[in-house]
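Everything below concerns the one structure shown next.
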Amino acid sequence: MNTPLKILLIYLGIISLISIIVCIYDKTFSKLNKVKFRVPEKSLFIFSALGGSVAMFLCMLLIRHKTKHVSFMVGIPLIILVHAALIFAGFHFGIFAF
């Protein structure tokens, strides 16, 4: 496994963990009805776009957070598809290799 792939995997692990923590944090304060402590939806999308989309989507489904919001149920999977295409391109053009 080459260095760029190792760095990518470590980065995705860290950003995924952060995305899960942020999602659970927002769900917790939504149940407590503490509006001023809520995470803005824009921030949830940013964490997804930065690489935590798969973790964010799975977490949202598991804890039933934002599942009634069409923007999240369509937007996060679209981000996942973009990430998959970028990773595929990375392998295709030799940026990532085993």
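Quick note: residue numbers are just sequence positions, from 1.
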Identify, with sequence neighbours excluded, every residue that meets side chain to side chain contact (heavy atoms under 4.5 Å, CB included) alongside [X].
{"X": "I18", "result": "I14, V22, F47"}
{"X": "L81", "result": "L78"}
{"X": "L50", "result": "Y11, I15, I46"}
{"X": "L9", "result": "M1, L5"}

Exercise. Taking all non-hydrogen atoms of both residues into account, name the closest pair between N2 and I95 and its distance.
Key: ND2-O, 3.3 Å
Quiz item: Do you know the tightest heavy-atom contact between M56 and C23?
Solution: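 Nearest pair, atom of M56 first, then C23: SD-CB, 3.8 Å.
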Quiz item: What's in the same ILVMFWY side-chain cluster as F93, cut-off under 4.5 Å, chained through other members?
Solution: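 When side chains under 4.5 Å apart are linked, F93 ends up in no cluster with other residues.
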Quiz item: How does the hydrophobic cluster around L86 look, that is, which other residues are in it when side-chain heavy atoms under 4.5 Å mark a link?
Solution: V82
Quiz item: Does some side-chain heavy atom of S16 sit less than 4.5 Å from a side-chain heavy atom of V54?
Solution: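 Not touching, per the 4.5 Å side-chain cut-off.
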Quiz prompt | Residue list, side chain to side chain donor-acceptor pair (under 3.5 Å) with S53, at least two apart or on another chain | solution = H83
Do any pairs count as a salt bridge (Lys or Arg N to Asp or Glu O under 4.0 Å) and have a residue in [range], sequence neighbours left out, and if so which ones?
{"range": "residues 77-94", "result": "none"}
{"range": "residues 1-22", "result": "none"}
{"range": "residues 59-74", "result": "E41-K66"}

Exercise. Can you run down the ring pair (Phe, Tyr, Trp, His ring centres under 6.0 Å) pairs that involve residues 20-45, sequence neighbours left out, and say none if there aren't any?
Key: Y25-F29, F29-F37, F45-F72
Quiz item: Considering residues at least two apart in sequence or located in another chain, which fulfil the salt bridge (Lys or Arg N to Asp or Glu O under 4.0 Å) criterion with K27?
Solution: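 Result, salt bridge (Lys or Arg N to Asp or Glu O under 4.0 Å) vs K27: none returned.
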